[in-house]
Amino acid sequence: MTAPSPALSTQPEPGASPSSPPPSMRLRELVFGAACAAAVRAAARLGVADALGDAPMTADSLAAAVRAEPKPLRRLLRALSCYGVFAERPDGTFAHTEMSRLLREDDPNSLRAIAQWCTEPWTWDAWPRLDEAVRTGRNVVEDLYGKEFFDYLNEDAPESADVFNRAMTRSSEQSAREVAALLDLSGARSVADLGGGQGHVVASLLDKYPAMRGYLLDLPRVVENALPRLRGSGDLAGRTDIVPGDIREAVPVEADVYVIKNILEWDDESTARLLRNVVEAGGPGARVVVIENLVDDTPSMRFSTAMDLLLLLNVGGAKHTTDSMVGRLRAAGLEVGDVQPVNPFLHAFDCMVPA
């Protein structure tokens, strides 16, 4: 009797559990990962999740709502349903899932902007050159576009720059509340949010501590768009100082507590320089809270390691492990205390400038 062809064999492959696809099928799915990312991007840009309400809808009805062709839209939804983004029902209609609701603009935990940011056109230019970045340790964006990444965004890709700003704003809004809930700043009179963007973290902390004074430090073009609450006639403006400048060059503010969130992932030199600036500005006894994604000891390893590779591609930076972060903090002269999870994606390193 002839043995069955390997392609037709029903025996599980080595390493496959009865409930999971065999390795050969899983690898095929992985190398088509770009199709999944592109499908999520397409749904986000079309606004499919916003058009789909609580009741299931046909592909024809959804196509009319988002001004698309019904047959291609059905194919898109079917592909996404394989990953749990939307659900195809037995009657051929499509319904929301927990993941597809996160593509709605009005969801409080919306990831629509992040989904677009991580799949912007420049990413499709950069990912195929990952082997080059791994071989050289250098970013590939400067070779692709002839300029540094953020210069390219702001000068040549304004739509991508806008997507980046919206994604960072939404992400900051969501994590700022969690940061404020985690941190106990009782007894501190002032807090400085370094590289704080529009100021979501400092605003949340000022809400929690009505007697506290806050400082928001970031580049001039960034703090120009600080939250209205922090400037002019805003309700927190009287307790907030907005300080434009490059914190990698100097931190011109003395505060009891410094918060540094998601900005210590560029090159080692600028990270070390910024931490030295903070130590000098705060002086003995100042508290420094560093909040970062980690590529170890986290439930979000697939997301964090993917972002780590993207940082290598665009700015030549890197996400940290717990040990690498602790090493950099200690090298800057900080005493490292507790390390706590803020959420599944972020950890807080509680540090002190020694006496």
Side-chain angles (χ1 to χ4, degrees), residues 40-41 43-45 47 49-50 101-123 149-155 157-183 191-208 214-232 234-237 240 242-247 259-266 291-293 300 303-304 307 310-311 314-315 317 319 342-346 348:
V40 173
R41 176 178 176 80
R45 285 174 61 85
D50 296 292
R101 289 186 186 279
L102 296 174
L103 291 178
R104 289 184 62 92
E105 192 66 38
D106 60 2
D107 190 284
N109 299 307
S110 176
L111 296 177
R112 183 181 182 186
I114 290 291
Q116 291 182 252
W117 165 241
C118 293
T119 55
E120 277 296 284
W122 67 267
T123 67
F149 178 63
F150 285 104
D151 290 338
Y152 162 73
L153 276 191
N154 292 312
E155 295 170 9
E159 184 178 344
S160 282
D162 180 60
V163 170
F164 173 76
N165 291 333
R166 287 190 284 111
M168 295 304 101
T169 296
R170 181 57 71 98
S171 180
S172 294
E173 287 173 349
Q174 293 165 355
S175 61
R177 296 188 292 269
E178 296 166 319
V179 169
L182 174 73
L183 295 184
V191 60
D193 186 4
L194 305 185
Q198 293 176 307
H200 293 284
V201 169
V202 72
S204 294
L205 290 169
L206 293 179
D207 282 336
K208 184 177 180 180
Y215 300 90
L216 173 63
L217 292 81
D218 212 319
L219 297 171
R221 59 179 172 77
V222 176
V223 295
E224 282 177 2
N225 297 308
L227 294 174
R229 297 186 65 198
L230 302 177
R231 51 192 171 89
D235 63 306
L236 297 176
T240 306
I242 296 177
V243 184
D246 188 343
I247 55 176
V259 178
I260 308 172
K261 179 173 171 288
N262 281 137
I263 57 172
L264 297 184
E265 51 194 26
W266 285 27
I291 300 168
E292 288 287 338
N293 300 108
S300 62
F303 172 75
S304 296
M307 289 300 296
L310 197 62
L311 278 171
N314 64 3
V315 296
K319 296 289 185 183
V342 177
N343 58 30
F345 313 105
L346 294 170

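It should be emphasised that the depicted structure is a prediction, and the values quoted were computed from it without experimental measurement.
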Do the non-hydrogen side-chain atoms of I260 and I291 ever get within less than 4.5 Å of each other? no
So, E173 and R170, do they make that salt bridge, N to O below 4.0 Å? yes
Short side-chain donor-acceptor distance under 3.5 Å, S300 and S304: yes
Is R104 reaching over with its side chain to a backbone N or O of A49, donor-acceptor style, under 3.5 angstrom? yes
With E159, which residues qualify under salt bridge (Lys or Arg N to Asp or Glu O under 4.0 Å), at least two apart? R45
Output the distance between atom CD (Q116) and atom CZ (F164), rounded to the nearest 0.5 Å. 14.5 Å
Within the side chain of R231, is there an N or O that forms a donor-acceptor pair under 3.5 Å with the backbone of A226? yes
Nearest 0.5 Å, please: how far is CG in N262 from CD in E292? 5.0 Å
Could you grab the distance from atom NE2 of H200 to atom OG of S171, nearest 0.5 Å is fine? 9.5 Å
Taking C-beta and beyond as the side chain, do L227 and L236 meet within less than 4.5 Å on heavy atoms? no
Heavy-atom distance under 4.5 Å between the side chains of M168 and I114, does that happen here? yes
Quick check against the 3.5 Å criterion: does E224 have a side-chain atom that pairs as donor or acceptor with the backbone of P244? no
I247 CD1 to L194 CG distance, which is reported to the nearest 0.5 Å: 5.0 Å
Is the closest side-chain heavy-atom distance between V259 and V202 below 4.5 Å? no
Answer yes or no: is there a donor N or O on one side and an acceptor on the other, between the side chain of K208 and the main chain of A203, under 3.5 Å? no
Drop me the distance from N343's CG to L182's CG, to the nearest 0.5 angstrom. 9.5 Å
Flag side-chain contact, heavy atom, 4.5 Å: L103 against L111: no
Does the side chain of N293 reach to within under 4.5 Å of the side chain of M307, using non-hydrogen atoms? no
Between S160 and W117, the two heavy atoms sitting closest are O-CZ3, 3.9 Å
For the residue pair S204 and A180, what are the closest heavy atoms and their distance? CB-CB, 3.7 Å
Are the side chains of S175 and L346 in touch, meaning some heavy atoms are under 4.5 Å apart? yes
Is the closest basic N to carboxylate O distance between D107 and R112 below 4.0 Å? no
For Q198 and N225, which I'm curious about, is there any donor-acceptor pair between the side chains at under 3.5 Å? no
Any donor-acceptor pair under 3.5 Å from D162 side chain to P158 backbone: no
So, the side chain of D193 versus the backbone of G199: is there a donor-acceptor pair under 3.5 Å, distance only? no
Report yes if the side chains of N314 and W122 come closer than 4.5 Å at any heavy-atom pair, otherwise no. yes
Rounding to 0.5 Å, atoms CG (L205) and CZ (R177) come to a distance of 13.5 Å
Ion pair check, R41 and E120, cut-off under 4.0 Å: yes
What one should report as the nearest heavy-atom pair of G197 and V222 is CA-CG1, 3.5 Å
Which heavy atom of E105 sits nearest to which heavy atom of D50, and what is that distance? N-OD1, 2.8 Å
What one should report as the nearest heavy-atom pair of D218 and G196 is OD2-N, 3.4 Å
